[in-house]
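Nothing here was measured: the structure is a model prediction, and the numbers come from that model. A note on names: the letters A, B, ... follow the listed sequences, proteins ahead of strands, and every chain is numbered from 1.
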Number of protein chains: 2
Amino acid sequence: MKTSPPRPLRQVTARSSPTLEDLAVAAGVSRSTASRAINGGDRVSPEAQAAVDRAVADLGYIPNRAARSLVTRRTSSIALVIPEPDVRVMMDPFFAVVITGITEALRETDVQLVLLMSRTDDDSSRTLRYLRGGHVDGAIVVSHHKADSWARSLAETGLPTIFIGRPWDTTFDVTYVDTDNVGGGRLAAQHLAGIGRRRLATVAGPADMTAAVDRLRGWKAGLAEAGLPEGPVVHADFTTDGAAAAAHRLLAEDPDIDGIFAASDLMALGVLEALHAAGRTVPGDIALMGYDNHAVAETAATPLTTITQPMVEMAVKAGTMLLEEIEAPGSHPEPVIYSTELVERASTSVAPTASAANA
Amino acid sequence: MKTSPPRPLRQVTARSSPTLEDLAVAAGVSRSTASRAINGGDRVSPEAQAAVDRAVADLGYIPNRAARSLVTRRTSSIALVIPEPDVRVMMDPFFAVVITGITEALRETDVQLVLLMSRTDDDSSRTLRYLRGGHVDGAIVVSHHKADSWARSLAETGLPTIFIGRPWDTTFDVTYVDTDNVGGGRLAAQHLAGIGRRRLATVAGPADMTAAVDRLRGWKAGLAEAGLPEGPVVHADFTTDGAAAAAHRLLAEDPDIDGIFAASDLMALGVLEALHAAGRTVPGDIALMGYDNHAVAETAATPLTTITQPMVEMAVKAGTMLLEEIEAPGSHPEPVIYSTELVERASTSVAPTASAANA
DNA sequence: CGACAGCGTGAGAGCGCTCCCACCGGGTCT
DNA sequence: AGACCCGGTGGGAGCGCTCTCACGCTGTCG
């Protein structure tokens, strides 16, 4: 066009990819038409569409996402927010499973998954800033602790957000998916009662995590329904070592218990250790249950009876719900709760096992 | 300025975040100066800088990434590419560890991690398109199989790329980090030879994966150095079940072996099962080693002697190398190889263990 | 005392895209 | 027959940012 200015209008950078303009020229249509053809082809004649399609193939055209999202205010990406990725969270297959599920939900879309892990407080304010900055269209937050207060401020920004695991604070407008931890806890109580154990105890998780609280609640309810007393409750931090220590305390206070429900498989492992150290056999003297159906539950010295939960489905659901929420904001769907199932293994079998004979 | 056009120049969208222009006005400087102040503050007077800083805080200004990357051609994000996230890969803590490490490397930067998982061929061409589309500044590829041919085409696009795990094909210009799988295999041979085992066999991984091939190579070298014959080699697919089947074959062919090296802990678990099923004790009859120092190695019925590798460090290194490569393209650093260590547990202890008495 | 750096600054163009609007032409309705 | 609609199209503005360039202004040197 205006050739008068001395400096070149566009430096031909060596390996710059073709622009929409180039595409349009190649296809013999206008930039507008090319754009329409690319984006679903509404109000585009078949001929024009075909010409653009061919040009796309020829040029290897790939739309510039930055330019697009600059004007649409959409980024075609969502964030997976993982607060406090401590060792526990990381070693759980949980993490991998959540990612797999979300990826699965995203697979037919061109939405990308951005990972946001905040270890420190500093990180989490950065994370928050990032989320508020409009860098993603939505977020999935793996909720853990009572202390995740910023979850609330996040939700308040209006960014479409789905929580995986019920957040501690649900007084604000929040949608989440979760597994039925109450039901799982009840299942554990029912099972142990069902195999004739009567003096039951539990090693519960931290009192500031909804999953732990719910499992404990279900456990108590199950005991009550079975007509059994509530029995001793000790708390641990979802780690193997923590649970071992808790189990020792338990045995010291109530030496005659005959069944223990540990609120996670990793903790059950610790309990198992402690029981063996104390000379008790499993399940001979004490029947033991875990929770999660973690890989170690199956490979443990005494394979653990445990509770399994459809985590992949849950993550997929979180992904699809988020996509829907992004597509049609304002709809505030109900929480989705997935039910849990019992997985029976040797640690609660009635007959003594080989490893029980170990001790 | 030009008030003549009938339509408003800028629709005041309800909750649109402040722009650089707004910032500049608030700070009483020009857009250019505001921009400079934000980006390192080069050639900006202290007063202007202070004014901008204050305005940033007041307005809660967050730069629009899309606009920025539109002009800079930088996205401030990198991709983690995981080809074929099958069950095996997912259940490994490997996955989580890699992500943790990379996140760690990124933490002082504002670079974001985008996850690209391609399960199907269809996915992987999409992945490739995405990477070539300039949507990320670089990529870290978790390399697995011989068949990952597109890794090459990726590398050829000139996108800064680091492989985690030596790619099968290194004839092209490729930088990678890896653990010393050869050394690890050798360590296994040395250890088993060291405790007096003489008729050694291995359950190796798939022959199309570099990690498996390297471990096997190291194993053979170690045997040779110990003056032992090469012994039987069976291949399995890195799964527990596959390894169990392989172990059965092994026992059928060579009933008198007294030591087995499984190229992964998960496989060692399968071997352990098979041995017990065949009435062999571990380590009494047969000493057993795994590889990876997976969580199950410790919790297995007979805790496994295994090889540990600094995976987090490796992942961190991959991250920092990528950042460097992005910063200063063209530098083609040497591959970095991390050494491995032996972790001794009951499965190779000389004295028979309790669980050995099980069988 | 005039020329010349060089720092700090602002104007303006433009990154690649979408979207609004005006336009054209052929069918349909009154 | 004229008004109208509507599918298909192109022109043009503008998203929010960076970056080049030109312009003062102060200080320093010849």
Check the distance between D:dG10's P and A:Glu47's CD and give it to me in whole angstrom.
-> 12 Å
By side-chain hydrogen bond (donor to acceptor under 3.5 Å, both in side chains), which residues pair with A:Glu313, not counting sequence neighbours?
-> none
Within this structure, what is the CG-to-P distance between B:Leu20 and C:dG12, rounded to whole angstrom?
-> 16 Å
Take atom CZ of A:Arg74 and atom P of C:dC17, then tell me their distance rounded to the nearest Å.
-> 18 Å
Could you walk me through whether A:Thr161 and A:Ile140 pass side chain to side chain contact (heavy atoms under 4.5 Å, CB included), step by step?
-> CA-CA 6 Å; A:Thr161 305; A:Ile140 294 177; over 6 Å; no
Residues which pass salt bridge (Lys or Arg N to Asp or Glu O under 4.0 Å) with B:Asp169, listed by chain and number, not counting sequence neighbours = B:Arg152
A:Val312 meets the side-chain contact (heavy atoms from CB on, under 4.5 Å) criterion, sequence neighbours left out, with A:Val97, A:Val316
Rounded off to whole Å, could you give me the CD1-to-C1' distance for the A:Ile38 and C:dT18 pair?
-> 11 Å
Taking only residues two or more places apart in sequence, or in another chain, which ones meet A:Arg74 in a salt bridge (Lys or Arg N to Asp or Glu O under 4.0 Å)?
-> A:Glu327
Residue pairs passing the ring-ring contact (aromatic ring centres under 6.0 Å, His included) test where at least one lies in residues 315-335 of chain A, sequence neighbours excluded | none
Atom-pair distance (CG on A:Leu23; P on C:dG16), nearest Å = 13 Å
Given atom CZ of B:Arg31 and atom P of C:dT9, what is their separation to the nearest angstrom?
-> 16 Å
Below 3.5 Å, does any donor atom in the side chain of B:Ser30 face an acceptor in the base of C:dA11, or the other way round?
-> no
Contacts table for residues 101-108 of chain B: side-chain donor-acceptor under 3.5 angstrom, sequence neighbours left out:
| from | atom 1 | to | atom 2 | distance (Å) |
| --- | --- | --- | --- | --- |
| B:Thr103 | OG1 | B:Ile99 | O | 2.7 |
| B:Glu104 | OE1 | A:Arg119 | NH2 | 3.3 |
| B:Arg107 | NH2 | A:Asp123 | OD2 | 2.3 |

Side-chain N or O of A:Ser35 closer than 4.0 Å to phosphate OP1/OP2 of C:dT18 | yes
Whole-Å distance separating the CZ atom of A:Arg73 from the P atom of C:dC17 = 18 Å
Summary of salt bridge (charged side-chain N to carboxylate O under 4.0 Å, His left out) pairs that have at least one residue in residues 29-42 of chain B, sequence neighbours excluded = B:Glu21-B:Arg31
For DNA chain D, what residues of residues 58-71 of chain B have any heavy atom nearer than 4.0 Å?
-> B:Tyr61, B:Pro63, B:Asn64, B:Ala67, B:Arg68, B:Leu70, B:Val71
Verdict with reasoning, A:Phe163 to A:Val174, per side chain to side chain contact (heavy atoms under 4.5 Å, CB included) = CA-CA 8 Å; A:Phe163 288 79; A:Val174 54; 3.3 Å; yes
Could you give the CG-to-C1' distance, from B:Asn39 to D:dC17, as a whole number of Å?
-> 9 Å
Angle by which the axis turns from one end of the helix from C:dC1-D:dG30 to C:dT30-D:dA1 to the other, five pairs per end, to 10 degrees = 50°
Residue pairs meeting side-chain hydrogen bond (donor to acceptor under 3.5 Å, both in side chains), one or both in residues 51-66 of chain A, sequence neighbours left out, come to A:Gln49-A:Asp53
List for me each residue that meets salt bridge (Lys or Arg N to Asp or Glu O under 4.0 Å) alongside A:Arg68, sequence neighbours excluded, and say none if there are none.
-> none
Are any of A:Thr72's side-chain N or O atoms less than 4.0 Å away from OP1 or OP2 of C:dT18?
-> no
Any side-chain donor near an acceptor of the partner, A:Thr33 and A:Ser30, under 3.5 Å = yes
Return no unless some side-chain N or O of A:Thr33 is found under 4.0 Å from OP1 or OP2 of D:dG10.
-> yes
Where do N or O atoms of nucleotides 6-8 of chain C meet protein N or O atoms at under 3.5 Å, pair by pair?
| from | atom 1 | to | atom 2 | distance (Å) |
| --- | --- | --- | --- | --- |
| C:dC7 | OP2 | B:Arg43 | NH2 | 2.9 |

